[in-house]
Amino acid sequence: MERIITECKLDPHRVRGGIPTFGSIVKTVDKETWSDGDNIAELGWRMCSGMAHGKEWATLDVLHRQFLREHRKGLAEVRLTAGMSDIATLTRLAHTTLVEALDLFSTRSSPQY
C-alpha cells in the first residue's frame, strides 16, 4: 500500500483517512469542480445544513426579517419569512453540489483502465 501511495503521488492522509465527512466531500467538490477558490458549495451546504438543523445563525442569515414593534428594551416582535428566490437558490446549489459529488465518486471509483 505504501509503495502504491508513493508511486502514484497520492496524499497518504486521504488514502488512509477512512470514511469522508460531509464537509470534506463538499470541500472536494469546491476544489475539483469550481476551482476558483470561492468555496461556494461549502457555503451553500453550511447554510442548508444550518437551516435544516434550526441553527439561529442560518435562520437569521437566510430568512427575511420585518420589524413589527418593540415590546420593551431588548425585546422586539419580528416576522420571519422565507424568500422563495433565496430558498430556491440554496436548494439549487445543494442539488448541484450533490450531483457533482456523485459524479466525482462515480469517476473515482470506476476502473481507470
Side-chain angles (χ1 to χ4, degrees):
M1 178 76 116
E2 295 299 323
R3 184 177 57 79
I4 292 171
I5 290 171
T6 304
E7 285 177 10
C8 295
K9 298 178 182 158
L10 301 173
D11 180 354
H13 299 290
R14 288 187 69 192
V15 174
R16 293 188 225 105
I19 298 171
T21 64
F22 291 123
S24 69
I25 292 169
V26 172
K27 287 178 184 180
T28 300
V29 170
D30 268 330
K31 180 181 169 192
E32 300 291 326
T33 305
W34 301 302
S35 60
D36 55 1
D38 59 7
N39 299 331
I40 194 71
E42 183 180 5
L43 173 64
W45 172 73
R46 289 188 184 280
M47 294 302 289
C48 287
S49 177
M51 290 284 294
H53 294 282
K55 301 295 185 184
E56 183 179 353
W57 61 265
T59 302
L60 293 176
D61 279 347
V62 174
L63 298 181
H64 296 225
R65 292 179 300 279
Q66 178 186 6
F67 177 80
L68 299 176
R69 65 184 174 163
E70 186 171 10
H71 290 277
R72 63 177 189 259
K73 188 168 177 77
L75 179 64
E77 185 177 340
V78 297
R79 175 179 293 140
L80 298 174
T81 56
M84 287 309 294
S85 62
D86 297 333
I87 299 299
T89 299
L90 283 174
T91 303
R92 174 70 180 182
L93 179 58
H95 177 263
T96 303
T97 301
L98 178 60
V99 168
E100 294 295 336
L102 291 171
D103 285 348
L104 280 171
F105 176 77
S106 178
T107 301
R108 291 177 176 188
S109 63
S110 63
Q112 300 300 311
Y113 48 90

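Index from 1, following the sequence.
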So which pairs with a foot in residues 104-113 pass salt bridge (Lys or Arg N to Asp or Glu O under 4.0 Å), sequence neighbours left out?
Glu32-Arg108
Arg3: which residues meet the salt bridge (charged side-chain N to carboxylate O under 4.0 Å, His left out) condition with it, sequence neighbours left out?
Glu7
Residue pair Gly50 / Trp57: nearest heavy atoms and the distance that separates them:
CA-CZ2, 4.1 Å
Return the set of residues passing salt bridge (charged side-chain N to carboxylate O under 4.0 Å, His left out) with Glu77 (not counting sequence neighbours), or none when no residue passes.
Arg69
Name the atoms and distances for all side-chain donor-acceptor pairs under 3.5 Å in residues 80-92, with sequence neighbours left out.
residue	atom	partner	partner atom	Å
Asp86	OD2	His64	NE2	2.7
Thr89	OG1	Ser85	O	2.7
Thr91	OG1	Ile87	O	2.8

Are Met47 and Val29 connected in the hydrophobic side-chain network, where two residues link if heavy atoms are under 4.5 Å apart?
yes
For Thr21, all residues meeting side-chain hydrogen bond (donor to acceptor under 3.5 Å, both in side chains), sequence neighbours excluded:
Ser24
List the atom of Cys48, the atom of Ala94, and the distance in Å for their closest heavy-atom pair.
SG-CB, 4.0 Å
Joining Ile, Leu, Val, Met, Phe, Trp and Tyr whenever any side-chain heavy atoms lie under 4.5 Å apart, the cluster holding Trp45 also takes in Phe22, Val26
Quick one: side chains of residues 97-105, donor-acceptor pairs under 3.5 Å with protein atoms, not counting sequence neighbours, listed by atom name and distance.
residue	atom	partner	partner atom	Å
Thr97	OG1	Leu93	O	2.8

Could you tell me whether the side chain of Thr59 reaches within less than 4.5 Å of the side chain of Met51, counting heavy atoms only?
yes
Could you give all pairs that pass the salt bridge (Lys or Arg N to Asp or Glu O under 4.0 Å) test and reach residues 51-68, with sequence neighbours left out?
none
